[in-house]
Amino acid sequence: MELIELRELQPEPRPGRGRLERTNALRISPARRPGPGPGPGPGAHPDPRLTATPGAGHRFEPRRRGLHTWCDLCGDFVWGGGRKSLQCRHCSFTCHYRCRALVRLDCSGPPGAGDEDDGTEQALEKDTNVDEPGEWEKAELDQAQVEQRIKEYNSQINSNLFMSLNKDGSYTGFIKVQLKLVRPVSVPATKRVPSLQAGRPGPRTQGVKRRTSFYLPKGTVKHLHILSHTRASEVIDALLRKFTVVDNPRKFALFERSEKDEQVYLRKLADEEQPLRLRLLAGPSEKVLSFVLKENETGEVNWDAFTLPELHNFLRILQREEEEHVRRLRHRYARCRQKMQEALATRTPG
């Protein structure tokens with residue numbers, strides 16, 4: 001099992017339990033980025049669906065779901081819906097109209113194709129589309145309650161992925177995140193798609209234009225060693241760095257998944273929510289709570305995440321689109337008025 005650590009941690013050894021081996025863990029701290037990994041592993045070979053010829057199997061249609069997204073080919077923000085972007089009805093590959101001819105990645109097929117279990121779960125899943133946490137998730141714990149919860153949590157797990165209370169009152173522990181991405185992800189254009197076992201070779205750069213796309217293998221799962229105050233947005237960023245993904249983090253969202261009465265419920269976590277706190281409140285049961293990384297298809301955009309030049313550019317685009325829409329609307333009404341006047345001119349009174 002491979003782990004991703006969001007900071008260097010050296011918890012005290014616990015009596016009666018062996019320390020977790022972290023020699024193969026990816027350590028991520030704000031001051032530095034992980035160096036090259038131990039070598040190629042599964043996924044080190046290029047995606048066979050990535051060809052030098054136009055991608056085959058796609059069935060592109062104007063995108064109707066949501067208003068805004070990011071292009072899977074060039075990575076730029078797509079302003080507007082169906083008039084601005086296309087989406088494959090099978091694999092959900094989304095791109096600008098202008099980028100369609102440049103797509104080289106073959107279609108992965110409809111979701112669940114060749115995977116009966118995945119198809120069954122898709123039928124059971126219900127995206128509540130509610131960002132507000134449940135009542136049990138709003139519980140505030142004092143220091144004594146946190147310590148008691150940690151003891152109860154550690155007594156219920158069958159592994160050494162325990163939680164540890166720190167002297168400053170915070171605590172550390174592990175969460176497991178399943179990556180259920182339908183659309184491809186983009187990495188810097190190199191000869192190889194990054195290994196699922198290798199670390200990131202360098203700092204993340206924004207606005208990378210030379211890109212290579214590939215589909216993450218189904219069932220990809222990563223464990224993260226995090227702090228109690230680690231935010232959902234930081235978890236997403238760490239996962240993207242792990243796979244050297246250069247797509248905008250806003251393209252993705254972290255969901256909590258729960259099972260109840262043979263129904264699967266999904267709720268998108270807000271950026272500031274703390275996954276380890278939710279893990280502690282829910283206990284170790286994966287049916288009560290698990291975490292899933294998926295595409296952010298709600299159509300909502302956090303405009304605060306954009307730079308001032310980007311926002312000014314969006315305002316200019318909005319103004320042009322508004323002027324064009326008004327022009328077309330006036331033209332349509334003018335033609336209608338003209339037809340009515342022509343009809344009146346052909347008729348004689350009485």
Side-chain angles (χ1 to χ4, degrees), residues 1-32 34 128 130-178 221-239 242 253-260 265-293:
M1 177 182 64
E2 185 188 11
L3 304 174
I4 301 177
E5 292 201 23
L6 296 193
R7 60 169 290 184
E8 192 92 13
L9 297 171
Q10 295 181 342
E12 294 292 330
R14 293 174 61 93
R17 297 192 188 194
R19 286 193 60 187
L20 176 67
E21 284 293 329
R22 299 196 183 100
T23 55
N24 196 31
L26 174 68
R27 305 178 188 275
I28 300 175
S29 63
R32 61 186 177 87
T128 61
V130 176
D131 293 338
E132 283 296 318
E135 289 302 318
W136 66 270
E137 297 173 308
K138 297 178 181 179
E140 294 294 336
L141 304 179
D142 58 31
Q143 191 67 14
Q145 290 174 318
V146 168
E147 186 173 358
Q148 181 61 31
R149 287 287 187 113
I150 290 176
K151 290 180 179 178
E152 294 174 357
Y153 181 93
N154 290 340
S155 68
Q156 297 175 44
I157 60 176
N158 298 320
S159 65
N160 56 355
L161 301 181
F162 47 79
M163 291 194 188
S164 301
L165 185 63
N166 300 323
K167 293 180 179 180
D168 62 359
S170 64
Y171 50 95
T172 60
F174 301 84
I175 62 169
K176 182 173 72 173
V177 181
Q178 182 182 10
V221 172
K222 290 295 172 186
H223 289 78
L224 297 96
H225 194 197
I226 65 177
L227 288 162
S228 53
H229 55 72
T230 300
R231 298 170 298 169
S233 59
E234 294 173 320
V235 169
I236 294 173
D237 199 52
L239 289 168
K242 166 62 184 172
L254 189 65
F255 289 79
E256 66 171 25
R257 178 186 182 277
S258 59
E259 298 180 25
K260 183 180 180 181
Y265 294 89
L266 295 171
R267 182 182 73 87
K268 188 176 75 170
L269 299 183
D271 288 348
E272 301 302 319
E273 290 194 64
Q274 301 161 338
L276 189 61
R277 176 181 172 277
L278 297 177
R279 178 80 281 164
L280 180 63
L281 291 173
S285 173
E286 291 289 318
K287 287 190 175 183
V288 177
L289 176 73
S290 60
F291 297 104
V292 182
L293 184 73

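Residues Gln143 and Leu165 form a side-chain contact, since some pair of their non-hydrogen atoms from C-beta on lies under 4.5 Å apart. With contacts defined as side-chain heavy-atom distances shorter than 4.5 Å, the pair Ile150/Asn154 qualifies. Proximity of Asn166 to Thr172: side-chain heavy atoms (C-beta onward) are separated by under 4.5 Å at one or more points.
Minimum heavy-atom separation, Phe255 to Leu266: CD2-CB, 4.2 Å. Taking each heavy atom of Ala270 and Ala232 in turn, the nearest pair found is O-CB, 3.5 Å. Taking every heavy atom of both residues into account, Val177 and Leu293 meet most closely at CG1-N, 4.0 Å.
Ile226 contributes atom CD1, which lies 4.5 Å from atom CG of Leu276 (distance to the nearest 0.5 angstrom). Atoms OG and CZ, from Ser164 and Phe174 in turn, are 7.5 Å apart once rounded to the nearest 0.5 Å.
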Self-check item: Working for side chain to side chain contact (heavy atoms under 4.5 Å, CB included), residues Leu224 and Thr230
Solution: CA-CA 11 Å; Leu224 297 96; Thr230 300; over 6 Å; no
Practice problem: Show the numbers, then the answer: is there a side chain to side chain contact (heavy atoms under 4.5 Å, CB included) between Leu281 and Leu141? | Solution: CA-CA 9 Å; Leu281 291 173; Leu141 304 179; 3.7 Å; yes
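Between Ile175 and the choices Lys222, Arg279, His223, His225, the side-chain contact (heavy atoms from CB on, under 4.5 Å) rule is met once, by Arg279. Here the rule is side-chain contact (heavy atoms from CB on, under 4.5 Å) with Tyr171, and of Arg149, His229, Met163 only Met163 fits it.
Atom CG of Asp168 sits in a crowded spot, with more than 12 heavy atoms from other residues, nucleotides or ligands closer than 6.0 Å.
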Extract all donor-acceptor atom pairs below 3.5 Å that involve side chains of residues 282-292 and protein atoms in other chains or at least two apart in sequence.
| unit_1 | atom_1 | unit_2 | atom_2 | d |
| --- | --- | --- | --- | --- |
| Ser285 | OG | Lys287 | N | 3.3 |
| Ser285 | OG | Val288 | N | 3.4 |

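Residues forming a salt bridge (Lys or Arg N to Asp or Glu O under 4.0 Å) with Glu272 (at least two apart in sequence, or on another chain): Arg231. Remark: Ser258 engages Tyr265 in a side chain to side chain contact (heavy atoms under 4.5 Å, CB included) (not counting sequence neighbours).
Formation of a donor-acceptor pair under 3.5 Å by the Gln145 side chain with backbone atoms of Asp142 is found in this model.
Glu152 and Gln148 share a side-chain donor-acceptor pair at under 3.5 Å.
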